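Predicted model only: the values in this text are computed from it and were never measured. Labels below follow one simple rule: chain letters A, B, ... track the order of the sequence lines, proteins then strands, and each chain is numbered from 1.
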Protein chains: 2
Amino acid sequence: MTTRISKKEEILDVAESMIRTSGYNGFSTRDIAISVGIKAASVHYHFPKKSDIGVAVTERYTEHFIQSLGEPASFKDKQHAPLATYIQVFRNALIKDRKLCLCAVLGAETGGLPLDITAKTKIFFERNMEWLRSSFIAAFDIPAKAAQKKAALVLSSLEGGLILSTSMQDDQLFEDVADSLIELMSLK
Amino acid sequence: MTTRISKKEEILDVAESMIRTSGYNGFSTRDIAISVGIKAASVHYHFPKKSDIGVAVTERYTEHFIQSLGEPASFKDKQHAPLATYIQVFRNALIKDRKLCLCAVLGAETGGLPLDITAKTKIFFERNMEWLRSSFIAAFDIPAKAAQKKAALVLSSLEGGLILSTSMQDDQLFEDVADSLIELMSLK
DNA sequence: GTCTATAATTTGATAGAC
DNA sequence: GTCTATCAAATTATAGAC
């Protein structure tokens, strides 16, 4: 006897999928209703405004994403570990989900979004940068500024790599980005 | 006596700006009309369907972008030249335009776009990858596969860097990405 | 919690006058 | 080439019954 997830969670699941595929302005509350199997009015019962869905999806996505990375401190002196872990999370998005990172999509639409959603998107990137910085400091024992630069390159290139790979319909392009990162960062 | 640009060009200018700010689904043909100073019906005279605007903008953007890069062959044996040139074009988008790359935005919305627009977006990335590959082969005298990997990293990280920098409201993040690329690529 | 019904607005697009 | 007028459909959202 499996526990059924609530309609509220189902709405978030569908919304996350739709944003990661078509962007926040690429679907309607009615689209969500149809996909969940309820009426649009019922969607508004759980989330009065569409932007409430966007905010909730982004918060939940951020928590799941950071949790899936594990503890930065555990990479002490293990130089390859944090990058390998990080690449795998993005590879799963591309290969298993066949979708982009939620916040890369929202970041690309920034000017067309409600402000409460852009605020949550910013937090996603800040928390990921923090994870990468502290992981690189633990793994490589390098100064904060060097870790910041590495983190900026890794996060930017993997977010961009997902977009390029998807747009070009070429999974190998993502692997080329990953290979480049691994090769170049073990040299430095 | 300066030559006035046509309304058709003005529509493309405004549409390009709006897509790069809010995404293709983040504005209406009426928004364009207001910004150009005509009525929505007049926009449809120049471009019958909204997607015709998207296709025309993407084609024009691609041509301008590639032209601004110059000839790849001119970088023969000049190792720093192609990367410096490429970074500067993206830096201009961030600092001068205060906008993302058109095709990064369209790439992020892929699933919610008319197919003729996604086709043009794909061509943008293909032509940029080709420019980078041939530039790196000329500059570094390296095998095609090594050039492909470098090109994938450079294009992905600069596209992603623009998105992160904009979303985080932190121009320095883009410079961190650029510094990382320059440092790591001159070592390899 | 979900439904029907409805409303105000927006959107993409067309017809036809000037 | 631009306008007024118009439209059908979609979109976000609310009121109130069950």
Side-chain angles (χ1 to χ4, degrees), chain A residues 3-58 60 105-106 109 111-118 120, chain B residues 2-58 60 105-106 109-118 120:
Chain A
T3 306
R4 290 248 176 280
I5 62 171
S6 67
K7 285 293 178 194
K8 193 163 182 172
E9 285 294 313
E10 275 191 72
I11 290 167
L12 294 179
D13 290 343
V14 167
E16 178 182 316
S17 174
M18 285 178 172
I19 295 173
R20 291 175 68 188
T21 301
S22 306
Y24 177 78
N25 291 313
F27 67 93
S28 68
T29 50
R30 181 160 308 199
D31 293 332
I32 292 182
I34 291 169
S35 198
V36 170
I38 55 178
K39 297 295 173 179
S42 303
V43 173
H44 285 284
Y45 165 78
H46 294 287
F47 301 96
K49 290 181 294 170
K50 184 186 176 187
S51 65
D52 295 334
I53 303 177
V55 168
V57 163
T58 310
R60 192 186 68 158
V105 178
L106 295 176
E109 298 181 286
L113 297 181
L115 290 181
D116 46 7
I117 298 180
T118 63
K120 296 296 178 186
Chain B
T2 55
T3 306
R4 292 249 175 281
I5 62 172
S6 66
K7 286 293 178 194
K8 193 163 183 174
E9 286 293 314
E10 274 191 73
I11 290 167
L12 293 180
D13 291 343
V14 167
E16 179 182 314
S17 174
M18 286 179 171
I19 296 173
R20 291 175 68 188
T21 300
S22 306
Y24 178 78
N25 291 313
F27 67 94
S28 68
T29 51
R30 182 159 307 201
D31 293 331
I32 292 181
I34 291 168
S35 197
V36 170
I38 56 179
K39 297 294 172 179
S42 302
V43 173
H44 284 285
Y45 165 79
H46 293 287
F47 301 96
K49 290 179 296 171
K50 184 187 176 186
S51 66
D52 295 334
I53 303 176
V55 168
V57 164
T58 310
R60 193 186 67 159
V105 178
L106 295 176
E109 298 182 285
T110 296
L113 297 181
L115 291 181
D116 45 6
I117 297 180
T118 63
K120 297 296 180 188

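- Between the NZ atom of B:K39 and the P atom of D:dC7 there is a distance of 18 Å, given to the nearest Å.
- The side chain to side chain contact (heavy atoms under 4.5 Å, CB included) check on A:I5 picks up A:E9, A:E10, A:D13, with sequence neighbours excluded.
- Considering only heavy atoms from C-beta on, A:L106 stays 4.5 Å or farther from A:T118 through its side chain.
- Taking atom CD1 on B:I38 and atom C1' on C:dA13, their separation rounds to 15 Å, with Å as the unit.
- Within the structure, side chain to side chain donor-acceptor pair (under 3.5 Å) pairs that include any residue of residues 30-43 of chain A comprise A:S28-A:D31 (at least two apart or interchain).
- Between the CG atom of A:N25 and the P atom of D:dA10 there is a distance of 18 Å, rounded to whole Å.
- Residues satisfying the side chain to side chain contact (heavy atoms under 4.5 Å, CB included) criterion with A:S17, sequence neighbours excluded, are A:T21, A:K99.
- A:H46 places its NE2 atom 8 Å from the C1' atom of C:dT2, with the value rounded to the nearest Å.
- Put simply, B:S42 has no side-chain N or O that comes within less than 4.0 Å of OP1 or OP2 on D:dG1.
- Residue A:Y45 places none of its side-chain N or O atoms closer than 4.0 Å to OP1 or OP2 of C:dT2.
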Can I get a per-line list of side-chain donor-acceptor pairs under 3.5 Å for residues 45-56 of chain A, giving both atom names and the distance, sequence neighbours left out?
| unit_1 | atom_1 | unit_2 | atom_2 | d |
| --- | --- | --- | --- | --- |
| A:K50 | NZ | A:Y24 | O | 2.8 |
| A:K50 | NZ | A:F27 | O | 2.9 |
| A:D52 | OD2 | A:K49 | N | 3.0 |

Distances for protein N or O near nucleotides 12-14 of chain D N or O, under 3.5 Å:
| unit_1 | atom_1 | unit_2 | atom_2 | d |
| --- | --- | --- | --- | --- |
| D:dT12 | OP1 | A:K50 | NZ | 3.1 |
| D:dT12 | OP2 | A:T29 | N | 2.9 |
| D:dA13 | OP2 | A:K50 | N | 2.7 |

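- Residues passing the salt bridge (charged side-chain N to carboxylate O under 4.0 Å, His left out) test with B:E16 are B:R20, B:R60, sequence neighbours excluded.
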